[in-house]
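Below you'll find the structure, written out as structure tokens, and then a few comments.
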Amino acid sequence: MDELTIAMPKGRIFEEAYELLVGAGYDLPKELDDSRKLIVEAPNERFRFILAKPMDVPTYVEHGVADIGIAGKDVLLEHDRDVHELLDLGISACYIATAGLPNTEMNEVTPRIATKYPAVASRYYRSKGEQVEIIELNGSIELAPLIGLSDRIVDIVSTGRTLKENGLVEYEKIIDITSRLIANPVSYRLKQQRITELVDKLREQVTR
Ligand SMILES: Nc1ncnc2c1ncn2[C@@H]1O[C@H](COP(=O)(O)OP(=O)(O)OP(=O)(O)O)[C@@H](O)[C@H]1O
Ligand SMILES: O=P(O)(O)OC[C@H]1O[C@H](OP(=O)(O)OP(=O)(O)O)[C@H](O)[C@@H]1O
């Protein structure tokens, strides 16, 4: 039986992804959930896990150093990677929206949009026929309109708490986001049986 290398996102998505795999009946070692190790073997399942930053998961999978991985749809939309999307896992649900200070119009000349998702934001405003200047930030995006760096932000909203506590309002929802199971195209061909078995078990969990 082939060993499968699985790229798992550290951080927010990890816990739900881990529970999904355990719920699907896989016997995973405690150290996967409970250590700082970046490579963890699950010998009983012939899985090897690599723990990656969520944004990097599709990179490992595209290059084939991981056969499959779990990534947010936001990451897949932002970076066009050559990977197969096999299953919507329904976990870590959130959405991408535009937001800004309440009761404000966007600058008429070239509105400035701060975001961690420049490709998603550009596509969105282009689809509306609006010309904007994208300002890329790596976090604390909500700061930008508060200190006059941008007219709007394009960012993830989950509970809405960050917007609310910073006196910002949502303007338009762009797209719903959940995490997806992705596969390297070559691995998918060569290890199809193992991967399909995993997809079927996870699908059962997701639809329960
Ligand atoms: N409230 C949220 N904010 C950001 N991402 C969320 C949220 N809810 C669910 N997600 C999902 O979690 C993923 C991000 O996870 P996480 O915040 O752990 O990573 P990160 O953005 O790289 O964090 P950091 O850079 O702060 O370590 C996103 O790709 C998205 O799919
Ligand atoms: O609607 P909420 O539940 O408040 O979640 C949304 C917030 O969470 C994320 O930020 P994160 O905590 O990842 O910090 P960051 O600003 O460093 O990216 C996201 O960028 C929003 O700021």
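First listed ligand is number 1; within each ligand, the first listed atom is number 1.
Linking Ile, Leu, Val, Met, Phe, Trp and Tyr residues whenever their side-chain heavy atoms come within less than 4.5 Å leaves I50 and I6 in two separate clusters. When the side chains of ILVMFWY residues are joined at heavy-atom separations under 4.5 Å, either directly or via intervening members, M55 and I182 end up in two distinct hydrophobic clusters.
Within the set G139, G160, S158, C94, the minimum heavy-atom distance to atom 9 (C) of ligand 1 is found for C94.
With E78 contributing its side chain and V120 its backbone, the two residues share a donor-acceptor pair below 3.5 Å. The backbone N or O of D2 lies less than 3.5 Å from a partner atom in the side chain of R194, making a donor-acceptor pair. In this structure, D176 contributes its side chain and Y95 its backbone to no donor-acceptor pair below 3.5 Å. Side chain of T98 to main chain of E172: a donor-acceptor pair is present (N/O by atom type, distance under 3.5 Å, no hydrogens or angles). Looking at E133, its side chain never comes within 3.5 Å of a backbone N or O of R112 through a donor-acceptor pair. The main-chain N or O of D27 is found under 3.5 Å from a side-chain atom of E45 such that the two form a donor-acceptor pair.
Shown in contact with V75 at under 4.0 Å from a heavy atom are these atoms of ligand 1, numbered in order with element: 29 (O). Remark: ligand 1 atoms within the under-4.0 Å shell around heavy atoms of G11 are 18 (O). Below 4.0 Å from some heavy atom of G72 lie the following atoms of ligand 1, by number and element: 31 (O).
The nearest protein heavy atom to atom 24 (P) of ligand 1 is closer than 4.0 Å.
Scanning the protein heavy atoms around atom 19 (O) of ligand 1, the nearest turns out to be P54 CG, 3.3 Å. Among all non-hydrogen protein atoms, the one lying nearest atom 21 (O) of ligand 1 is K116 NZ, 3.0 Å. The protein non-hydrogen atom at the shortest distance from atom 12 (O) of ligand 1 is I13 CG1, 3.6 Å. For atom 27 (O) of ligand 1, the closest non-hydrogen atom on the protein side is K53 NZ, 2.9 Å. The protein heavy-atom contact nearest to atom 17 (O) of ligand 1 is R12 NH1, 2.6 Å. From the protein, the heavy atom lying nearest to atom 28 (C) of ligand 1 is D74 OD2, 3.1 Å.
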Ligand 2: which protein N/O atoms lie under 3.5 Å from its N/O atoms?
from, atom 1, to, atom 2, distance (Å)
ligand 2, 1 (O), S158, N, 2.8
ligand 2, 1 (O), T159, N, 3.1
ligand 2, 1 (O), G160, N, 2.7
ligand 2, 3 (O), T159, N, 2.9
ligand 2, 3 (O), T159, OG1, 2.5
ligand 2, 4 (O), T162, N, 2.9
ligand 2, 4 (O), T162, OG1, 2.5
ligand 2, 12 (O), R12, NH2, 3.0
ligand 2, 13 (O), R12, NH1, 2.8
ligand 2, 16 (O), S140, N, 2.7
ligand 2, 20 (O), D155, OD1, 3.2
ligand 2, 20 (O), D155, OD2, 2.7
ligand 2, 22 (O), E142, OE1, 3.2
ligand 2, 22 (O), E142, OE2, 2.6
ligand 2, 22 (O), D155, OD2, 3.4

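In the model, Y117 has a side-chain atom that pairs as donor or acceptor with a side-chain atom of D74 under 3.5 Å. Defined by atom type and a distance below 3.5 Å, a donor-acceptor pair is missing between the side-chain atoms of E142 and T162. Side-chain polar atoms of R12 and S158 form no donor-acceptor pair below 3.5 angstrom. Counting only N and O atoms by type, the side chains of T178 and R180 include a donor and acceptor under 3.5 Å apart.
The N/O atoms of S92, backbone and side chain alike, include none that comes under 3.5 Å of an N/O atom in ligand 1.
Heavy atoms of S179 stay at 4.0 angstrom or farther from ligand 1. The shortest separation from a heavy atom of K73 to ligand 1 is not under 4.0 Å, leaving the residue out of contact.
Here CG of L87 is found 10.5 Å from CD1 of I68. Values are rounded to the nearest 0.5 Å.
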